[in-house]
Amino acid sequence: MASKSTINLDSTINSGQVFLWKKEGGFWYGIDGDRVLCIDSTNLKVKSSGVKVDYFRESDDIGKILKSLKKDEVVKTAISQNEGLRLLRQDPFQCYISFIVSSNSNIQNIKSTLNKLCKKFGERIEFDKKEFFLFPTSASLAEASNVELLECGLGYRADFVKKAAKEVDNGIMDLKLLKKMSYDDAKKELLRIFGIGNKVADCIMLFSLEKLEAFPLDTWMLKILRKYYEDVLPIEGKSITEKRYNTLHEKIISHFGPYAGYSQQFLFKMERDAFHKKWL
DNA sequence: TACTAACCTGTACG
DNA sequence: ACGTACAGGTTAG
């Protein structure tokens with residue numbers, strides 16, 4: 001079992017998995033679906049405005065997971081540089097929309113757009129004598145006008161967001177159900193959605209749908225694989241096609257093991273930090 | 001099937 | 001001030 005004291009909040013929040021967090025006077029405040037989370041950075045006490053969930057995945061056997069991950073030397077180094085980095089268990093709908101918004105964008109833009117979406121379409125609540133806007137419901141985004149969505153800075157993704165929200169709102173896309181499905185089946189479902197490709201599907205599955213074998217391959221991860229895994233996991237060609245993505249993913253699972261998603265998170269964090277890339 | 005251009009926004013740089 | 005480069009994944013051709 002993970003002890004909360006082993007979690008490094010700063011590393012965890014600044015690792016590209018969440019966007020709606022801000023630090024104010026020793027406290028981290030974050031939006032997760034229909035609630036606000038507040039975490040004391042020093043003793044990691046969690047206060048929440050809504051239902052409690054295991055947001056920090058404390059029920060994971062992190063000792064066992066880390067032991068498995070450390071079989072790989074590069075990951076072992078990445079772990080030593082980021083002790084306490086953890087995967088989070090996010091609200092599925094927020095995660096689904098967030099990573100659709102993330103496509104072909106960067107962390108600063110994603111954060112800005114998601115904040116605007118919350119402000120325009122989310123419920124306003126007071127928590128800790130501060131004002132917050134919860135993540136919009138699928139219904140509110142499904143009904144949103146194009147103009148309003150564009151005002152949030154979505155650009156051509158406005159169409160993606162609206163259609164994706166509609167699919168959830170009318171029940172055709174059942175995110176809860178995807179949690180119970182296999183990796184392959186859940187992925188097939190997500191890929192139906194306009195605006196969701198391989199990378200975004202893997203992010204949604206890893207961060208909110210209990211698929212620890214998901215290994216999102218973005219430009220950074222491709223860079224990492226070429227740099228450290230040239231011999232074990234060679235990538236043919238310059239770009240990554242659908243077919244290559246799938247065959248590579250299978251090889252990744254057999255190399256990194258069933259918790260490959262955790263490996264990905266450590267590697268991603270390490271490499272972006274090495275290039276001094278900005279987080280939240 | 002495989003490759004490539006187009007897509008929108010915000011920021012940084014000259 | 002004004003253009004140009006760049007960060008990013010998915011879709012459509």
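So that the names make sense, note that chain A is the first sequence line, chain B the second, and so on, each numbered from 1. These numbers come from a predicted model, not from an experiment.
Comparing atom distances between the A:Tyr156 side chain and each of B:dC8, C:dG8, B:dC3 picks out B:dC8 as nearest. For A:Lys278, the side-chain atoms get nearest to B:dA12 when compared with the rest of B:dA12, B:dT9, C:dA7. Candidate nucleotides C:dG9, C:dG8, C:dA12 were compared by shortest atom distance to the side chain of A:Lys277, and C:dG8 ranks first. Set against C:dA7, B:dT9, C:dT10, the side chain of A:Ser103 has C:dT10 as its closest nucleotide. When distances run from any side-chain atom of A:Thr219 to the nucleotides C:dA7, B:dA2, C:dG9, the shortest one goes to C:dG9. For A:Asp218, counting side-chain heavy atoms from C-beta on, the closest listed nucleotide (C:dG9, B:dC3, B:dC8) is C:dG9. Residue A:Phe160 places its side chain closer to C:dT11 than to any other of B:dA12, C:dT11, B:dG10.
Residue-level contact check: A:Lys116 touches the backbone only, with heavy atoms under 4.0 Å from sugar-phosphate atoms and none from bases. At a threshold of 4.0 angstrom between heavy atoms, the contacts of A:Arg192 with the nucleic acid are absent. Counting non-hydrogen atoms under 4.0 angstrom, A:Ile110 reaches nothing in the nucleic acid. A:Ile240 comes within 4.0 angstrom of nothing in the nucleic acid, heavy atoms only.
Judged by distance alone, the side chains of A:Tyr96 and A:Glu167 never bring a donor and an acceptor atom under 3.5 Å apart.
Distance, A:Asn106 CG to B:dC7 P: 20 Å, rounded to whole Å. Distance CG (A:Leu222) to P (C:dG8): 12 Å, rounded to an integer number of Å. Rounded to an integer number of Å, the gap from CZ of A:Phe19 to C1' of C:dG8 is 11 Å. Nucleotide B:dC8 holds its C1' atom 13 Å from the CG atom of A:Asp159, rounded to whole Å. At whole-Å resolution of the value, CZ in A:Phe99 and C1' in C:dT10 are 16 Å apart. Rounded to an integer number of Å, the gap from A:Phe194 CZ to C:dT10 P is 12 Å. Between A:Tyr96 atom OH and C:dG9 atom C1' the separation is 16 Å, expressed in whole Å. The separation between A:Asn198 atom CG and C:dT11 atom C1' is 13 Å, rounded to whole Å.
Separation of the A:His249 and A:Tyr183 ring centroids falls under the 6.0 Å cut-off.
Not counting sequence neighbours, the partners of A:Phe99 by the ring-ring contact (aromatic ring centres under 6.0 Å, His included) test are A:Phe19, A:Phe207. Every salt bridge (charged side-chain N to carboxylate O under 4.0 Å, His left out) that A:Lys163 has, sequence neighbours left out, goes to A:Asp159.
Ion pairing of A:Glu210 with A:Arg57 is present here, as a side-chain N (NZ or NE/NH1/NH2) and a carboxylate O approach within less than 4.0 Å.
Ranked by how close their nearest DNA chain C nucleotide is to the 5' end, A:Ile107 and A:Gly195 are led by A:Ile107.
Contact between the side-chain N/O atoms of A:Trp220 and the OP1/OP2 oxygens of C:dA7 is not found at any separation under 4.0 Å. Dashed line: the shortest gap from a side-chain N or O of A:Arg244 to OP1 or OP2 of B:dC3 is under 4.0 Å.
Taking 3.5 Å as the limit, the base of B:dT9 and the side chain of A:Asn109 contain a donor-acceptor pair of atoms between them.
A:Phe27 does not carry A:Lys130 over the face of its six-membered ring by the limits of under 6.0 Å from the centre and within 45° of the normal.
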